[in-house]
**Q** 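My structure is below; once you've seen it, I'll send some questions.
Naming: A, B, ... by sequence-line order, numbering from 1 per chain. Keep in mind that the numbers below use all heavy atoms, side chains included, and drop hydrogens, waters and symmetry copies.
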Amino acid sequence: MARSSKAVGCKTMSALVLKNIGHAFLGRTVLNSINLSVATSEIVALVGPSGCGKSTLIHIASGIIEQIQGSVEHGYNRHGMVFQDTRLLPWANARDNIAYPLRIAGIGKTERRKLAEKAAEQVSLEQIDLDKYPVELSGGMRQRVSIARALVMEPDFIYFDEPFTALDVALKRRMQDLLIASAQTSRFAGLFVTHDLMEATRIAHRIIVLDVYGNSIIGQRPIPGEPGTRSDIEVFTRVQEFLHDDPLFRHIHDVDERIVA
Amino acid sequence: MITATLDRFGRFGKFIWSGWAGLAGLSLLAALWQMGHDIYGDFILPAPLATFSTVISLLQDPEAIEISLKTAGRALKGFFLAALIGGTAGVIAGYSLATLRVVRPVLTVVLGVPPIAWVVLAMIWFGSTDGTIVTTVIVASMPIIFAGAAEGIATRDRGLDDMARAFGAGPIMRVWTIGLRHLSAHFFPALILAVGMAFKVAVMAELLTSTGGIGGALAHARSNLDMTVALAWILIAIIALIIVEYAMIHPVRAELERWREAAKPWGVKR
């Protein structure tokens, strides 16, 4: 199954294509010959053990850092991004945080307010929460704000950099359901970085696995059925199969705390 | 709009109300002063009430107002120039860490030179003019402002910078919406420190160069051994500083730092 050097993709229209990506920090290679593609309206989960370079890869794809080798092709119009640590502006209230991408795009104040409130509604944030500052919101609410911020520009692609890792189990599930629902209504494609196989199996159309040392994509597994329609038993059984019978996921829970991704 | 105005009004009211605490502290100081007066007598330490009435009678004299304005003008001119130059240079240094590393030891040297030494140098360069005072004020207060600005930018949350970049913000947008907002946390304390420094140094330089102003008036009071008038002038200098600080720096700061108020836990707010 290992298709290391050819682009990993299954549908024809591509929203994102990464070709032969390589990157190094201060001479230490973190990524090497990475090829992958994401089709339109497809959610792809990128999994791999901690420290294998998942975050670096998504930062390269979203344009936060520039790769040393290879090329990034965007087949989408606009993207949004959700981060693990939410990255909300502490000095702005929830409404202004959601509207921040609109401000960057140079959209007027009244229009910003209107669009931000619409995006807030999509993630079930109430009017009263919108006047609060991030410090006054709980972890789950903050993550809702950060998802609304990613949705506000009505993007056709969203990058998710381990967005729910820090949340507790119940909240994580709620957020996953929220994500599945908004992906179905807004039809955006997405690249979802996680090291939680259960999460990947719930939300994605396809799982791709990054090598322990960031040395190419070592394989992929499509997940049958649409996200949101899979039962818990189905998801659980599939994850157990992955972990016990599938050699692709053998190193998925390897952890080396010294490596900083 | 209406709620925003009401909110602002409410915050202003709260600020005024918090003045009682400040007044209590100052009253305590006045009580200690009175005690000192009772022990050491009029010549060494005139009574606070006598000093206050001297301040009031001095301020009724247009000439005294002119003297105070002269000092305030010099201090503010120096302070604004220092804020402009130091602030801009600090922001640049904050973004370029190499520059910061080069400048840091220079700052230590400049801060280590006592202001009085600058007065002597400036007197030689400019003679007994406004230029001497303003130069001394700039040299004394600029390093503080520079360090505050550089520290503010250098300690910014790079995660937020990355976030802005992910949403397509260019460098100018990032400086404007993230760098400068983050700067304010370090910049305003530095500004408050610097404006105090500007007034102190201006009075000192005036006294040494005999170029009039509050420093000149103090020198005059000293030669007459008039303790009450000397103390009154000191009070006037402090009042001028307080007016500048609370009329110019604090309102801007309160507007920018509103979120910090929200971040305070219950019990600290009131």
**Q** Using non-hydrogen atoms only, which part of B/Ser184 is less than 4.5 Å away from chain A: side chain, backbone, both, or neither?
**A**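 Looking at B/Ser184, nothing touches chain A.
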
**Q** Atom CD1 of residue position B/Ile172 - does it have more than 12 heavy atoms of other residues, nucleotides or ligands inside 6.0 Å?
**A**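 Count not over threshold, so no.
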
**Q** Say you draw a straight line from CG of A/Asp131 to CG of B/Asp7; how long is it, rounded to the nearest 0.5 Å?
**A**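 It is 9.5 Å, given to the nearest 0.5 Å.
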
**Q** Taking atom NZ as the centre, does B/Lys77 end up with more than 12 heavy-atom neighbours from other residues, nucleotides or ligands that are less than 6.0 angstrom away?
**A**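 Not more than 12 within 6.0 Å, no.
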
**Q** Which residues in residues 159-170 of chain B have any heavy atom lying under 4.5 Å from a heavy atom of chain A?
**A**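 So far as heavy atoms go, B/Gly159, B/Leu160, B/Asp162, B/Met163, B/Ala164, B/Arg165, B/Ala166, B/Phe167, B/Gly168, B/Ala169 are the residues that approach chain A to under 4.5 Å.
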
**Q** Let's test your reading of the structure: which of B/Arg181, B/Met173, B/His182 forms the most heavy-atom pairs below 4.5 Å with chain A?
**A**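 Between B/Arg181, B/Met173, B/His182, the count favours B/Arg181.
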
**Q** To the nearest 0.5 Å, what is the distance between CZ on B/Arg260 and OH on A/Tyr133?
**A**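 Going from CZ on B/Arg260 over to OH on A/Tyr133, the span is 12.0 Å.
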
**Q** What option among A/Pro101, A/Pro155, A/Ala105 has the most heavy-atom pairs under 4.5 Å with chain B?
**A**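 Between A/Pro101, A/Pro155, A/Ala105, the count favours A/Pro101.
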
**Q** Mark yes when over 12 heavy atoms from residues, nucleotides or ligands other than A/Glu121 sit less than 6.0 Å from its CD; otherwise mark no.
**A**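 No, not enclosed.
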
**Q** Could you tell me which of A/Trp91, A/Tyr159, A/Tyr100 has the largest number of non-hydrogen atom pairs under 4.5 Å with chain B?
**A**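 Maximum pair count with chain B is reached by A/Trp91.
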
**Q** Count the heavy atoms belonging to other residues, nucleotides or ligands that lie under 6.0 Å from CZ of B/Phe12, then report whether that count exceeds 12.
**A**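 Atom CZ in B/Phe12 is not crowded, with 12 or fewer foreign heavy atoms closer than 6.0 Å.
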
**Q** Among residues 69-84 of chain A, which ones touch chain B with a heavy-atom distance under 4.5 Å?
**A**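 Within residues 69-84 of chain A, the residues under 4.5 Å from chain B are A/His79, A/Gly80, A/Met81, A/Phe83.
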
**Q** Decide side-chain contact (heavy atoms from CB on, under 4.5 Å) for A/Arg103 and B/Thr177; before the verdict, give the C-alpha distance in whole Å, the side-chain angles of both, and the deciding distance to 0.1 Å.
**A** CA-CA 10 Å; A/Arg103 186 172 171 196; B/Thr177 56; 3.4 Å; yes

**Q** Please flag which part of A/Leu88 lies under 4.5 Å from any non-hydrogen atom of chain B: side chain, backbone, both or neither.
**A**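 Contact with chain B: backbone only.
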
